[in-house]
Every structure is written in structure tokens, then in C-alpha cells.
Protein chains: 2
Amino acid sequence: MCHHCNYEELLSGADLEATPNRVRVLEVVGDNRFPLSASDIYKILERSSTINRVTVYRILDRLVENGVVERISTGGRAFYYGLAPNDYHQPHPHFYCKMCGQMDCLSPESLTVDTEALWKTYPGRIDKVEVRIDGICKNCEKRQTE
Amino acid sequence: MCHHCNYEELLSGADLEATPNRVRVLEVVGDNRFPLSASDIYKILERSSTINRVTVYRILDRLVENGVVERISTGGRAFYYGLAPNDYHQPHPHFYCKMCGQMDCLSPESLTVDTEALWKTYPGRIDKVEVRIDGICKNCEKRQTE
DNA sequence: AACCCAATGCAAATATATTGCATGAAGCTG
DNA sequence: CAGCTTCATGCAATATATTTGCATTGGGTT
Ligand SMILES: [Mn+2]
Ligand SMILES: [Mn+2]
Ligand SMILES: [Zn+2]
Ligand SMILES: [Zn+2]
């Protein structure tokens, strides 16, 4: 659990009514150390009580829309979701393992990106800079050589 | 047309027989100024002569596998494809317009990424660093305000 | 000729996400 | 309170992108 974030507050601060389902989704996303797919989130929620898959998708969409959650692309077909950057969470790159689909959060300093110039010169609206490392994670690498 | 690249050579250099279909796919990808989806590529090829959608997917997979073509994720659901970095094409970031789906190639210098440290310290295998800017392109931005 | 293999095609299946429509609860209006 | 509206949710159907299974074909090989 992220001790900085009160999820109800995060929701209302983003103009979203804190419905039980929204809180549950946000808890799963926020409490996890790495980003999850909609399907992962759904499966976790299903364990404790029933919720519809579509509801999960819709809630994730709203959370992304309102800047509470970040939608992250992977080297695979599904999006993953993590807490959006805020006062306590700096933007940072992710590592995606193409074998197991696990995504890791890398530290914000692991890799420096200078976007200054781009922001000044790009003739369109920039919403987000996503940096993703693709490869094979330590575990999968080991498993391969066995 | 990229005047540096001979596509037949690129294929054989990558241990791929230069079948007519492969050459056609690679021409479409290589001659285009920006990355295209499998579906875009299929539609373009269909115009000149018949080819199966699945063949396009399979060829793209082989080309990616053998390092001739790069698979690029977008803020949307489909992958885009562009020439893989080589002696004449440096790696570079892309801009993805979430309104029209158009992807732009940005110059390699538009944005500097220092991955040194990461390569040294990351305890897994790194295959690729992808940098993608998401937003709304100039055209779509203009259209919105009208 | 008989065999083999890789490339291709076509149909079906899969994975992921979205849409349309129904229901019910909460809040507001008069 | 009765009637109206809005919004969250569920369920079924649909859409989109991609993959798989299996058949065919054509070129090389024994
Ligand atoms: Mn993260
Ligand atoms: Mn490019
Ligand atoms: Zn892995
Ligand atoms: Zn656009």
C-alpha cells in the first residue's frame, strides 16, 4: 500500500465519485509494485467479490481520462495500468519482459531523458512521453539456459 | 524510396529469401516516411495485386524477428512497423496522435536519452529502448478548434 | 519419380477492448 | 412525495487486431 495516497481523496480530487468499485480498482492498481493489465486487475478483484469485466474497463478508462491512472503500452497486445505520476510518484520508465509479460518500474534516474527542446519546438500537443525498455527479465533469462 | 537501402539485399543480408511478397512488404514499409500498421500495409499491397492478410502478418513477424523491421507500439491497439535501425537509419522516437492515429518519426536529436547506466546495471537482457510521445498532432489540433 | 520444406492462402479461433441496451440507486424539482 | 434525470453497473453482443490449424503449391534434393 502506498502510504502517501488516500484513494478516496485521489478520486474526489479528480472529480470522480468514490464508488466502491472505483476504490477497489484504484486500490489494486495503486497497491501493486508494478503495472497490471485490465485482466490481471479483474482477476484480483474477482477473488474478493464479484465485478464485471466491462466495469473494470470502464473504470480504468475514467481513471485514465481524469489523470489518476496511467495507461502504459507494452511490447504485447494489452495495455497495463499504473498510478499516474503525481506529487509522490515521479514519471519513470518501465521494463517489459517479452517472455513472461511482467512489467517492472524502473527508477526515474535509471535513464535520463531530455525533452526540453521537444516541448518547445513540437508543433502539436504533447500529452505524455513514454519510455519503455523491452527485453527478457532476469528470471526468464535464467529459465532459458536451464 | 530510401536510396540507401536495396531491399533484396537487406533481406538476404538478414538470412531471408527475397520472395516477391517479402520484397513488396518491405518496400511499403521502407518507402514510407512514417510507420504503418499491418492493416495499412495490407491495404496498400492489395491495390497493386492480391495478397493475404495473414501473409502480411507472417512476413512482418519474420522481418521483425530477423531485425529488418521494427515493431513499434502506439497509444492505440495496433502495432506499427518501420524500418529497423541500421547503418543509415538511427534509432529515433516517434510521435503518436491519439486522434488520427498518425505516427511521425522524430529526429534522433529531438530528444536525448542516456541509457548508459541502465545497460550496465540492469540484471536482464535489454533488446530495445522505445520512446514514444503521445498527444494530438498539429492538423487534428487545428480541426478541433474549428 | 518420390520426398521435403518453406511460403502462401483460407477459415476458424483467440485475445483484448468496446458498444448497446437494461436496471437500479441517488439526487433533484416542483 | 411523485416524477424526472443522471450515473454506475451488468450482461450480451460486437468490433478489432492478431494468431493458429490445416491444405496447397512450387522449388529444390535424393
Ligand atoms: Mn511504474
Ligand atoms: Mn521512424
Ligand atoms: Zn520474464
Ligand atoms: Zn492527428
Side-chain angles (χ1 to χ4, degrees), chain A residues 7-8 11-12 14-29 35-46 48-66 68-81 96 98-101 103, chain B residues 7-8 11-12 14-26 28-29 35-46 48-66 68-69 71-81 96 98-101 103:
Chain A
Y7 298 130
E8 271 94 351
L11 285 169
S12 48
D15 265 322
L16 288 170
E17 194 190 331
T19 67
N21 279 337
R22 284 183 183 156
V23 175
R24 292 210 293 148
V25 168
L26 185 53
E27 272 170 7
V28 170
V29 171
L36 297 170
S37 70
S39 175
D40 293 336
I41 296 165
Y42 170 71
K43 280 177 203 142
I44 292 171
L45 291 171
E46 265 288 283
S48 52
S49 88
T50 175
I51 189 172
N52 193 278
R53 214 176 259 286
V54 175
T55 303
V56 175
Y57 278 114
R58 285 202 271 235
I59 289 178
L60 286 170
D61 285 348
R62 298 289 269 120
L63 296 180
V64 170
E65 235 174 79
N66 291 36
V68 180
V69 158
E70 176 181 40
R71 166 185 272 141
I72 303 163
S73 74
T74 70
R77 299 172 53 182
F79 292 110
Y80 281 30
Y81 298 87
Y96 177 77
K98 64 176 72 163
M99 296 225 66
C100 64
M103 189 167 250
Chain B
Y7 298 130
E8 271 94 352
L11 285 169
S12 47
D15 265 323
L16 288 170
E17 194 190 331
T19 67
N21 279 337
R22 284 184 182 155
V23 175
R24 291 211 291 148
V25 168
L26 185 53
V28 170
V29 172
L36 297 170
S37 70
S39 176
D40 292 336
I41 296 166
Y42 170 70
K43 280 177 204 143
I44 292 171
L45 290 171
E46 265 287 282
S48 52
S49 88
T50 174
I51 189 172
N52 192 279
R53 209 177 267 284
V54 176
T55 303
V56 175
Y57 277 112
R58 285 201 271 236
I59 288 177
L60 287 170
D61 285 350
R62 298 289 271 122
L63 295 180
V64 170
E65 235 174 79
N66 291 37
V68 181
V69 159
R71 166 185 273 141
I72 304 164
S73 75
T74 69
R77 299 172 53 184
F79 291 111
Y80 281 31
Y81 297 87
Y96 177 76
K98 64 176 70 162
M99 295 225 66
C100 64
M103 189 167 251

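Here is how names work: the chains are called A, B, and so on, in the same order as the sequence lines, proteins then strands, and each is numbered from 1.
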Quick check on DNA chain D: between B/R77 and B/R71, whose nearest nucleotide comes earlier from the 5' end? B/R77
Checking the side chain of A/R22 only, and the main-chain atoms of A/L11 only, is there a donor and an acceptor separated by less than 3.5 Å? no
Would you find a donor on one side and an acceptor on the other, under 3.5 Å apart, between the side chain of A/N66 and the backbone of A/V68? no
Give a yes or no answer on whether the side chain of B/S49 reaches the backbone of B/L45 with a donor-acceptor pair at less than 3.5 Å. no
Can you tell me the distance, in whole Å, between the NZ atom of B/K43 and the P atom of D/dT16? 10 Å
How do B/I59 and A/A38 order along DNA chain C: which one's closest nucleotide is nearer the 5' end? B/I59
Produce a footprint string for nucleotides 23-30 of chain D: one letter per nucleotide, 5' end first; B if the base is under 4.0 Å from any protein heavy atom, S if only the sugar-phosphate is, - if neither. --------
Could you report the tightest heavy-atom contact between A/Y42 and A/V56, atom names first, then the distance? CD1-CG2, 4.1 Å
Between A/E65 and A/R62, is there a side-chain N and carboxylate O pair less than 4.0 Å apart? yes
What is the distance, rounded to the nearest whole Å, between atom CD of A/E17 and atom C1' of C/dA25? 10 Å
Starting at CZ of B/R62 and ending at P of D/dT19, how long is that distance when rounded to a whole Å? 14 Å
On the nucleotide D/dC11, are OP1 or OP2 found under 4.0 Å from the side-chain N or O atoms that A/N52 carries? yes
Length of the line joining B/L63:CG and C/dA6:P, which is rounded to integer Å: 17 Å
Rounded distance in Å - CG (A/D15) to C1' (D/dC7): 14 Å
Among C/dA17, D/dG10, D/dA8, the nucleotide that comes nearest once only the side chain of A/A78 is considered: C/dA17
Backbone of A/R58 reached by a side-chain donor or acceptor of A/D61 within 3.5 Å: no
Shortest side-chain distance from B/Y57, nucleotide among C/dT16, D/dA12, D/dT19: D/dT19
For B/Y80 and B/Y96, indicate whether the former's side chain and the latter's backbone hold a donor-acceptor pair under 3.5 Å. no
Do side-chain atoms of B/T74 reach the backbone of B/A78 as a donor and acceptor pair under 3.5 angstrom? yes
Kindly give the heavy-atom pair with the smallest separation between A/E70 and A/V64, and that separation in Å. C-CG2, 4.5 Å
Whole-Å gap separating C1' (C/dC10) and CD (B/E46): 14 Å
Considering only C/dT19, D/dT18, C/dA17, which nucleotide approaches the side chain of A/R58 most closely? C/dT19
Tell me the interatomic distance from A/F79, atom CZ, to C/dA15, atom P, rounded to whole angstroms. 18 Å
Check each residue of residues 18-26 of chain A for a non-hydrogen atom within less than 4.0 Å of any atom in DNA chain D, then write out the ones that pass by number, or none. A/T19, A/N21, A/R22
Using whole Å, report how far CG of A/L45 lies from C1' of D/dG10. 15 Å
